[in-house]
Amino acid sequence: MPRYDPKRIETKWQAYWDENETFKTPEEPTGPEKLYVLDMFPYPSGNGLHVGHPEGYTATDITCRFARMRGKHVLHPMGWDAFGLPAEQHAIKTGTHPSVTTYKNIDTFRRQLKMLGFSYDWNREFSTTDPDYFRWTQWIFLQIYDTWYDAACEWTGPDGKQRIGRGRPISELPIPPEIQDSGEEAVRRYQDKYRLAYQHEAPVNWCPALGTVLSNEEVDAEGRSERGDHPVERLPLRQWMLRITAYADRLGDDLDGVDWTESIKLLQRNWIGKSHGAEVDFYIGAPNAELQTELGTPVGFEQWKAIRSGGGLPQEAGSDVLRVYTTRPDTLYGATYMVLAPEHPYVERLTTAGQQQKVTEYCRQAALKSDLDRTDLAKEKTGVFTGAYAINPVSGEPVPIWVADYVLISYGTGAIMAVPAHDLRDWEFAAEFDIPITPVVAPPVGYKPSKDELALARDVDGEKECAFVGVGTAINSGDYNGLSTDEFKQKISADLAEQGLGSTAVNYKLRDWLFSRQHFWGEPFPIWHELDDDGNLTGLLRADADSELPVTLPENFDFKPHGRPDPPLDEAPDEWLFKTADDGTKLKRETNSMPQWAGSCWYYIRFCDPKNDQQFIDPEKEKYWLPVDLYIGGAEHAVLHLLYARFWHKVLFDRGHLSIPEPFQRLVNQGMILGEAELTGFKDQSGNWLSVEQVPADNFDGERVQLDSEQVTKKGEKFVLKENPAIIVESRAHKMSKSRGNVINPDDVVDRCGADALRLYEMFMGPLEQVKPWNMSGVEGVFRFLGKVWRMIADERADDVGLNAAVQDAAPTAEQSRVLHKTIKAVTEDIEKLSFNTAISRMMEFTNAIGSHDVRPVSVLKPFVQLLAPFAPHVAEECWQLLGETDTLTYAPWPEFDEKYLVESEIEIPVQVNGKLRAKIKIPADADQTTMQTAAEADETVAANLDGKQVVKVIVVPGRMVNFVVKG
RNA sequence: GCCGGAGUGGCGGAAUGGCAGACGCGCCGGAUUCAAAAUCCGGUGGCCGUAAUGGUCGUGUGGGUUCGAGUCCCACCUCCGGUACCA
């Protein structure tokens, strides 16, 4: 009677694990080898789990269960990244406090995760919204706030590695004497400029509809909000920034030591975007001097050069120069104009009276556009001439200064020297505005212009003329002529440095991190603003003392947006918002809140010591558990979350709170699970079929028809309609989404087939890192497999759960031993490789081989059940018990395979003639080459193929194959 | 455009440079059954062939290296993901 019944089995064992705290993490911070396996914790949305979540979770769970059976101490926790906009928007709509919604959603998520039988240590669960947790998030923020980056500091970390550059306490920042002399306030303001957390007036993405400011990542390419698709405009606002750029180098370099795929490392490196080049100063004259508007002899240039050659390059560019950054200092002689970003501070000053109106209007237009608009619309280069000139430091020639929005204020110095002959953007601009183009690099002999270069080519006297962006030999460059690009770069950088006109420089694409949000539902900043007598911010700050943490959110709060870009907390009750310090200074709380990234930046640390109310982590526990040995999550976090978390980690490392420099030793991104594959046909408005290539890419106004597989057939690469093979239909799987209606709910799957089947299917679909379409009958396939396992061990026809009569205390046959040990070997190796799909195939092969044997020895089945346990733990526990065990198999030692059972006395090998398979022969496994060749020649088919031919060569690979190379 | 990843049966996929398509889904045939479900057995890349332990073609396309290529090299095509003037 008892068929395989996942409902009964899974409920039973989940209760058992709960009661016995089976997965409680061993406490001692010493002892056997540890393994810390972490999932990227979820945002508990109101929709509950979808089938994408359990993919990574199952992979980590298998790894953990496997490790426990191999005697390791395993840390496998779960928690909630629960601050975020949806709960706040729900609050605005319904008046329900976000914490109520959040904790309700968490309950759903927890129930669903428990239903899947994951071996988390639930004692360690927390949410980023718990005051006991965000107390330490705030504490870490204060650590960052208390830190400045000493780029020159040489030191040896607790990991024994020598480094240059270290985050140090702000109290150790050297204060220049003139600042010191100006009093305490000047010192404080000076320090504030160097902190890793600082305030900055920044244009932000204000979304009136959401009533909030969005990060660049939350705005799509059309300049609309990712959530809700509302229009977004730019607005300057006081923001908190974190100086992640200080760590750019170390964030890039330390990637060498972690075990991530090269493609993810590359993604991070590209995001950091380190480039080497030079900074060069172009003389523009003192601020109040007559502007250089004539093409005559430059005024003051020679004197300036003389001063520079004596004093060297000032660390900060003075007001008499425009400083530019270039990766091609070798093209300095070809700089025929300069460009300032519209936001560049010198624009106004450099603009001549005649150009004033045009420049002002241009800058105003540029300010209205968002970053994305600006790049998007800028198919054609735009810009205006300021009327002013700078002096090329090497040639002494005046070069016109333009303003153009293709130069970004946020990269480099916000100003460039434009070398149209050797830069495509400059070429395009120069061609548009008729600016001279002077080639200064000769391409190598025989060079053919690239696609891009050709695309922008222009006709000069009937000849095609192209930009050249590659490396070559210097021309038109004075004494440097004839040098290769590389030699030139080195030489001119050295020369410029010697003359005090420039220096080598490094730049990064990485920007500082905009760390404040105008939300209610986020961690408050533990920061106070000093107020003047009129209640205005003075710009001076005070941090809360550690003892005052956590700073909790105000209890009674009206969630209705007040319609201003100021944060909602600006409307918080006065007793939360204001206080008077002991010295009588009036203080107002910071009302921005932290972004969702904050909580997820360090949760992996807290899991090691989640209940500690004295420290964010006990150093002993930190040393034992960190780093995370395996971290699995979605590729969407491959850049930002990982970069941010690594940054915090490094600050804490520099400040002596952590002993290792990198948090995540091994990282794996699981691939997305798509909805079921769909066949879609298209009809125009009159109901006629359209072939896929006739369907317009956008604005399709006809009808989409979901087709049955019966209605189509494959023709070449494509699927076509059976009734009209000229009509090609679309065949693809789409991302699961509510609007498409193809979302699979794990509750339904568990209800139909059980958690073990769901887990098994998610792993069986294909390689973990790959994108894969869901297929419901695939779940039924693995469900059948589990049924087979069940019948192999249990008696399906008995009234009560009992052993199948074929399961006996008998000695295994040689064949059974061989199959078992082959399976142990394969499954073990596959789990270690995270190749779970093939591991499951191996177990299916085992069942196919052993399942029908009349005598199935217990000594063969027990190890098999253990192999199955990490994948399908519930049914494995049940079988384990059936086989006579009384304790959970969670800690039953993993079976070892024995080589001796794997050797086969006789093997079958292929015989090829000229590389083509002609026969398969059986030979003794240890046959030598001569024996193999003789055996091969003796085969009838082979002999026939060799007959009358001349054997040129025979390749014999022992134990593998024989190949005859013949002629004639 | 640039950067990454991937193209193998009807589908998901497997294959240290050595028997392509393991395993599963689907499909076809059979057994069991009054019947069905469930289960079990067999077959299943294309073409040729009465048959097979037969022939032949076959891993996106075109070239190459090799006794031998899905796998290595070169050029290209398509799809998916990321990114957007970074000087």
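Convention: sequence-line order gives letters A, B, ...; per-chain numbering from 1. All values reported here derive from a predicted model rather than from experimental measurement.
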- Interatomic distance at P, B/G58 relative to B/U71, whole Å: 13 Å
- Message: Without decimals, in angstroms, what is the distance between A/R784 CZ and B/A37 P?
- Response: 12 Å
- Task: For RNA chain B, find the residues of residues 786-794 of chain A with a heavy-atom distance under 4.0 Å and give them by number; none if there aren't any.
- Result: A/K788, A/R791
Compile the donor-acceptor pairs under 3.5 Å between side chains in residues 777-789 of chain A and protein atoms, sequence neighbours left out, one pair per line.
| unit_1 | atom_1 | unit_2 | atom_2 | d |
| --- | --- | --- | --- | --- |
| A/S777 | OG | A/N775 | OD1 | 2.7 |
| A/E780 | OE2 | A/R752 | NH2 | 2.8 |
| A/K788 | NZ | A/N848 | OD1 | 2.9 |

- Query: Considering residues at least two apart in sequence or located in another chain, which fulfil the side chain to side chain donor-acceptor pair (under 3.5 Å) criterion with A/E55?
  - Reply: A/K772
- Query: Would you say a side-chain N or O of A/N270 is under 4.0 Å from OP1 or OP2 of B/A84?
  - Reply: no
- In chain order, what residues pass the ring pair (Phe, Tyr, Trp, His ring centres under 6.0 Å) check against A/F864, with sequence neighbours excluded? A/F846
- Partners passing side chain to side chain donor-acceptor pair (under 3.5 Å) against A/E845 (at least two apart in sequence or in another chain): A/R842
- Report the residues that fulfil ring pair (Phe, Tyr, Trp, His ring centres under 6.0 Å) with A/Y325, sequence neighbours left out, ordered by chain and then residue number. none
- Syn or anti for B/G9, please, going by whether the chi angle lies within 90° of 0. syn
- Could you list the residues that satisfy salt bridge (charged side-chain N to carboxylate O under 4.0 Å, His left out) with A/K825, not counting sequence neighbours? A/E829
- Message: Between the base of B/C19 and the side chain of A/K920, is one N or O donor paired with an acceptor at under 3.5 angstrom?
- Response: yes
- What stem regions, each of at least 3 consecutive Watson-Crick or G-U pairs below 3.5 Å, can be found for RNA chain B? B:1-7 with B:77-83, B:10-12 with B:23-25, B:26-31 with B:39-44, B:45-48 with B:54-57, B:60-64 with B:72-76
- Message: Against the six-membered ring of A/Y406, is A/K381 placed for a cation-pi contact (under 6.0 Å from the centre, within 45° of the normal)?
- Response: yes
Report all side-chain donor-acceptor pairs from residues 951-965 of chain A shorter than 3.5 Å, counting only partners two or more places apart or in another chain.
| unit_1 | atom_1 | unit_2 | atom_2 | d |
| --- | --- | --- | --- | --- |
| A/N963 | OD1 | A/G915 | N | 3.2 |

- Item | Residues within residues 729-736 of chain A bordering RNA chain B, heavy-atom distance below 4.0 Å | A/R732
- Quick one: is B/C67 close enough that its OP1 or OP2 comes under 4.0 Å of any side-chain N or O from A/K953? yes
- Message: So, under a plain 3.5 Å distance rule, would you say the side chain of A/R918 forms a donor-acceptor pair with the base of B/U53?
- Response: no
- Message: Can you see if the side chain of A/N837 gets near the phosphate of B/A14 - specifically, an N or O under 4.0 Å from OP1 or OP2?
- Response: yes
- Quick one: A/D939 CG to B/C19 C1', roughly how many Å, whole number? 14 Å
- Residue-phosphate contact under 4.0 Å: A/S841 side-chain N/O, B/G13 OP1/OP2: no
- Message: I need the CD-C1' distance between A/Q912 and B/G18, as an integer number of Å.
- Response: 6 Å
- With sequence neighbours excluded, what pairs up with A/Y362 under the ring pair (Phe, Tyr, Trp, His ring centres under 6.0 Å) test? none
- Across all chains, not counting sequence neighbours, the ring pair (Phe, Tyr, Trp, His ring centres under 6.0 Å) partners of A/W260 are none
